[in-house]
Amino acid sequence: MATLPLPPFMERALALAAQAAAHGEVPVGAVIVQGGKIITEAANAMRATCDPTAHAEIVALRRAAAALSSQFLADCDLYVTLEPCAMCAGAIAQARIARLYFAAEDPKGGAVVHGARVFAHPTCHHKPEIYGGIGASIASAQLKDFFAERR
């Protein structure tokens, strides 16, 4: 069975995740796209910035909002290498992201298809279209390798 090629935006997110790992950060990368063009991108930066909120998604959302001079990113898509946590899912909803594409599921910390399932709550004001599993094997391998080196 042939595997489908990865979307270039997920390829870029995976490259950012690899860069994060090379800097001692948990390998997660995020790319925000508008109209088929990358608006901004980020990798996890919690260790480098001593900021527990510096998840790749949060950093990318902040940069995109600044670049577009708007708190709402309703015509933007987010590509991220790991299922967002509750904090990031909440921020995605607040930003009104149109579509969320993620690679690996996160049974321990994810909050989209696992755990809190933020977008399923009736109090969630915005739910993006959600597409999971895109590049999951690559993202999972990045994470497993990263944590194996630290044990």
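Throughout, residue positions are numbered sequentially from 1 according to the sequence presented. Only heavy atoms go into these numbers, but all of them, side chains included; no hydrogens, no water, no symmetry mates. No experiment lies behind these values; they were computed from the predicted model shown.
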Heavy-atom pair of closest approach, residues [X] and [Y]:
{"X": "A43", "Y": "A56", "value": "C-CB, 3.7 Å"}
{"X": "Q142", "Y": "A17", "value": "OE1-CB, 3.4 Å"}
{"X": "L73", "Y": "A64", "value": "CD1-CB, 3.9 Å"}
{"X": "V112", "Y": "E83", "value": "N-OE2, 2.9 Å"}
{"X": "R62", "Y": "D51", "value": "NH1-OD2, 3.9 Å"}
{"X": "F146", "Y": "G24", "value": "CZ-O, 3.7 Å"}

Does [X] share a hydrophobic cluster with [Y], counting links as ILVMFWY side-chain heavy atoms below 4.5 Å and allowing steps through other members?
{"X": "V31", "Y": "Y131", "value": "yes"}
{"X": "I38", "Y": "L14", "value": "yes"}
{"X": "V80", "Y": "I138", "value": "no"}
{"X": "V113", "Y": "L78", "value": "yes"}
{"X": "L61", "Y": "F119", "value": "yes"}

Starting at [atom1] of [X], measure out to [atom2] of [Y] and round the result to the nearest 0.5 Å.
{"X": "E41", "Y": "Q19", "atom1": "CD", "atom2": "CD", "result": "7.5 Å"}
{"X": "Q34", "Y": "L68", "atom1": "CD", "atom2": "CG", "result": "5.0 Å"}
{"X": "D75", "Y": "S70", "atom1": "CG", "atom2": "OG", "result": "8.5 Å"}
{"X": "L100", "Y": "C76", "atom1": "CG", "atom2": "SG", "result": "13.0 Å"}
{"X": "N44", "Y": "T81", "atom1": "CG", "atom2": "OG1", "result": "7.5 Å"}
{"X": "L82", "Y": "D106", "atom1": "CG", "atom2": "CG", "result": "4.5 Å"}

Practice task
Give the intermediate values and the outcome of side chain to side chain contact (heavy atoms under 4.5 Å, CB included) for residues V33 and K37.
Solution key: CA-CA 5 Å; V33 176; K37 292 175 53 178; 5.7 Å; no

Exercise for the section: Classify the angle between the aromatic ring planes of Y79 and F9 as parallel (below 30°), tilted (30 to 60°) or perpendicular (above 60°). Expected result: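 It falls in the tilted class, 30° to 60°.
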
Quick check: does any side chain N or O of [X] sit under 3.5 Å from a backbone N or O of [Y], one acting as donor and the other as acceptor?
{"X": "R96", "Y": "Q94", "value": "yes"}
{"X": "R12", "Y": "P8", "value": "no"}
{"X": "H126", "Y": "A74", "value": "no"}
{"X": "Q71", "Y": "A95", "value": "no"}

Problem - Verdict with reasoning, D77 to I32, per side chain to side chain contact (heavy atoms under 4.5 Å, CB included) - result: CA-CA 6 Å; D77 300 335; I32 296 184; over 6 Å; no

Handout entry: Residue H114 excluded, over 12 heavy atoms near NE2 under 6.0 Å
Key = yes

Practice task
Assess R99 against Y101: is NZ or CZ under 6.0 Å from the centre of the six-membered ring, and within 45 degrees of the ring's axis?
Solution key: no

Exercise for the section: Applying side chain to side chain contact (heavy atoms under 4.5 Å, CB included), run through S137 and S140 and close with a yes or a no. Expected result: CA-CA 5 Å; S137 61; S140 293; 5.8 Å; no

Practice task
Apply side chain to side chain contact (heavy atoms under 4.5 Å, CB included) to F102 and I134, showing your working.
Solution key: CA-CA 6 Å; F102 69 88; I134 301 163; over 6 Å; no

Problem - Flag side-chain contact, heavy atom, 4.5 Å: E57 against P84 - result: yes

